[in-house]
Amino acid sequence: MKVLVPVKRVIDYNVKPRVKMDGTGVDLANVKMSMNPFDEIAVEEAIRLREKGVATEVIVVSIGPAKAQETCRTALAMGADRAILVTTDDAVEPLAVAKILKAIADEEQPGLVILGKQAIDDDSNQTGQMLAALMGRPQGTFASKVEVEGDSVTVTREVDGGLETVKLAMPAIVTTDLRLNEPRYASLPNIMKAKSKPLANKTPADYGVDTAPRLETVTVVEPPKRVAGIKVADVDELVAKLKSMGVAA
Amino acid sequence: MKTLVWVEHDSGAIKDATLATVTAAAKLGEVHLIVAGAGVGDVAEAATKIAGVGKVHVADGAVYDHVLPEAVAPMIVELMGHHDAFLAPATANGKNIAPRVAALLDVMQVSEILSVEGEKTFTRPIYAGNAIATVRSTDAKLVVTVRATGFEKAAREGGSGTIEAVSGAGEANGSSFVGAEISKSERPELTSAKIIVSGGRALQNSENFHTIIEPLADKLGAGVGASRAAVDAGYVPNDYQVGQTGKIVAPEVYIAVGISGAIQHLAGMKDSKTIIAINKDEDAPIFQVADIGLVGDLYKIVPELTSKL
């Protein structure tokens, strides 16, 4: 069984984003970029399935600028087998990404597609569910546990009140939550080895997908800033404050 | 514009997030509702009373139990034949279902809107709330998820909607519900609590959550939250997590105990009316957003605070 894992190049988790002065977006010039953290978890899960003998091949896909090749190489260094890089300089929306992934899934016929539940740049949380819809297949979103057994996969999901478990007929789509696993670091020998792993270069046109955005960004601004308030010296002063706010009797 | 709003309900009660979504939908036009589940007659009845609603579509049947998106999405797509916009609260269910509906309609969804700025124009947070984008949809129909903290709640009473049963039996489409482990708590739910006491990694273990955080929360009638670090370390279950990828909360008072204030955590609570921070590190970023800060040892401060309230 093949496992397909889409990975996105995004601003590094530890970088504080800065809004551009002209209100057109967030300034990404000279900013450290990394693989979306949820996608790292997806790559890790796929590799573990292969190590358990459940999966036979892990294919990663990245859709983005030419530099997304680095993101593919990172996944290959972690242990993915090969990569597909779909290059475009447009900001591709989840719907268009899902359409490209659908075309790739039609070609590759994976048993599972494992995606991060959301990218930490646009925070959309859509692509996996959209891909499932386009493929007409079941989805297990926000997964904290994934178990494959025969033709089905059992997914434990993080939901508002706790956990929920669903059983899905494969092929199925899974999106990862934070506690699914802890992604490994790539070792130096594996980073070297990743450089010679196969990487296919494609464009959205190869899959017949129009990536023109459906959402027009009017402006991007900074959120209203909170100003630091006061510091109280001790608990008594804090209790007095709470009482004056009517929080405590 | 005719809108269709997803009714989020649990054990027969309509959740507050639904009421905020109704308010958002009312800014766009007529508000119709969809109630799905098994044995949801009472929920549908309650939904007709929400102020300002028109038709309440009801999909009642075993196939809709646990509202699995594989069954629910095609049913909503059918209803979207005569609606212009589908709005769901940005809850776990809303986020699970809405994009599936959007893709089937060939619509690019607008996620987690904070405000309605025009017929097809909305604001939404990006980059963990470090930027607010105003976006305009160019699609013929709208699919939107709504961040509940951005909108007032519609009144639960005063409406006179009419119930209309959804035709068709529905299909499970390859997915089945196995089970759930839902946390049971007497405390208020995080997303609707007026006061929240949250603990971070500094709590060190789950025992300290029980003996330090919970007594303070119970004294204040507060909900209990946690930072990602505390959840990852296993001190508390995942549904306690407040942050970019956890729950988004905006209570009257948010008390952050031993939480340093990573941007991902701030993304989930910085719209709280008053933020109180207790941390031993006076340079912790949480103090930059806190209205009231107290620097010191939480193991001394919190029990003292609890006893003096």
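What's counted below: heavy atoms across the whole structure, side chains too, no hydrogens, waters or symmetry copies. Throughout, protein chains are lettered first and strands after them, A, B, ... in sequence-line order, and every chain is numbered starting at 1.
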Region of A:Leu131 in contact with chain B, defined by heavy-atom distances below 4.5 Å
neither
The interface call for B:Ile301 against chain A, heavy-atom contacts under 4.5 Å, is both
A:Gln118, part contacting chain B, at a heavy-atom distance under 4.5 Å:
side chain
Interface moiety of A:Ala172 toward chain B, non-hydrogen atoms closer than 4.5 Å
neither
Can you say whether A:Lys241 sits under 4.5 Å from chain B via the side chain, the backbone, both, or neither, judging by heavy atoms?
side chain
Smallest separation among heavy atoms of B:Ala217 and B:Gly223, with atom names:
CB-O, 4.4 Å
Heavy-atom count check: over 12 atoms from other residues, nucleotides or ligands less than 6.0 Å from A:Lys145 NZ?
no
Check each atom of A:Val15 against the heavy atoms of chain B and say whether the ones under 4.5 Å are side chain, backbone, both or neither.
backbone
Look at the side chain of A:Gln129 and the backbone N and O of B:Lys95, then say whether any donor-acceptor pair between them is shorter than 3.5 Å.
yes
Taking side chain as everything from C-beta outward and backbone as N, CA, C, O, which of these in A:Val227 sits under 4.5 Å from a heavy atom of chain B? Side chain, backbone, both or neither.
backbone
Below 4.5 Å, heavy-atom pairs only: which of A:Asn125, A:Val239, A:Ile120, A:Val19 has the largest tally toward chain B?
A:Ile120
Return the set of residues passing salt bridge (charged side-chain N to carboxylate O under 4.0 Å, His left out) with A:Lys102 (not counting sequence neighbours), or none when no residue passes.
A:Asp106
Side chain of A:Glu44, backbone of A:Arg184: donor and acceptor closer than 3.5 Å?
yes
So, the part of B:Val289 with a heavy atom under 4.5 Å from chain A: the answer is both
Counting N and O atoms only, with roles assigned by atom type, does the side chain of B:Asn173 sit under 3.5 Å from a partner on the main chain of B:Ala71, one being a donor and the other an acceptor?
no
For A:Asp234, is it the side chain, the backbone, both, or neither that has a heavy atom closer than 4.5 Å to a heavy atom of chain B?
backbone
Side chain / backbone / both / neither for A:Ala132 at chain B, heavy atoms under 4.5 Å
both
Mind ranking A:Leu168, A:Val235, A:Thr154, A:Val220 by heavy-atom pairs under 4.5 Å with chain B and telling me who comes out on top?
A:Val235
Would you confirm whether A:Asp90, through its side chain, and A:Val92, through its main-chain N or O, come within 3.5 Å as a donor-acceptor pair?
no
Heavy-atom proximity to chain B below 4.5 Å, by part of A:Val26
side chain
So, for A:Asn36 and A:Val10, which heavy atoms are closest and what is the spacing to 0.1 Å?
CA-CG2, 3.6 Å
Among A:Glu182, A:Glu237, A:Arg214, A:Glu164, which has the most heavy-atom pairs under 4.5 Å with chain B?
A:Arg214
Under a 4.5 Å heavy-atom cut-off, does chain B meet the side chain of A:Met170, its backbone, both or neither?
neither
Side chain / backbone / both / neither for B:Val302 at chain A, heavy atoms under 4.5 Å
neither
Keeping the roles fixed (side chain from B:Lys141, backbone from B:Leu105), state whether a donor-acceptor pair exists under 3.5 Å.
no
Using non-hydrogen atoms only, which part of A:Arg157 is less than 4.5 Å away from chain B: side chain, backbone, both, or neither?
side chain
Any donor and acceptor pair, going by atom type alone, linking the side chain of A:Lys117 with main-chain N or O of A:Thr141 inside 3.5 Å?
no
Treating B:Ser115 as the side-chain partner and B:Glu117 as the backbone partner, does any N or O pair qualify as donor plus acceptor under 3.5 Å?
no
Between B:Thr274 and chain A, with a heavy-atom cut-off of 4.5 Å, which part of the residue counts as in contact: side chain, backbone, both or neither?
both
Most heavy-atom pairs under 4.5 Å with chain B, out of A:Gln139, A:Glu158, A:Glu222, A:Met130, belong to A:Gln139
Side chain, backbone, both or neither: which part of B:Lys247 has a non-hydrogen atom closer than 4.5 Å to chain A?
side chain
The interface call for B:Leu220 against chain A, heavy-atom contacts under 4.5 Å, is side chain
Under a 4.5 Å heavy-atom cutoff, which of A:Ala119, A:Ala228, A:Gly161, A:Ala233 has the most pairs with chain B?
A:Gly161
Measure up the B:Tyr254 and B:His265 rings against each other and bin them: parallel (under 30°), tilted (30 to 60°), perpendicular (over 60°).
tilted
Could you check whether any side-chain N or O of A:Asp160 sits under 3.5 Å from a backbone N or O of B:Ala92, counting only pairs where one atom can act as donor and the other as acceptor?
yes
Is A:Asp123 reaching over with its side chain to a backbone N or O of B:Ala128, donor-acceptor style, under 3.5 angstrom?
yes
Is it the side chain or the backbone of B:Gln264 that comes within 4.5 Å of chain A heavy atoms, both, or neither?
side chain
Heavy-atom cut-off 4.5 Å, strictly under: side chain, backbone, both or neither for B:Gln241 against chain A?
side chain
If I measure from the heavy atoms of chain B, does A:Tyr13 come under 4.5 Å with its side chain, its backbone, both, or neither?
both
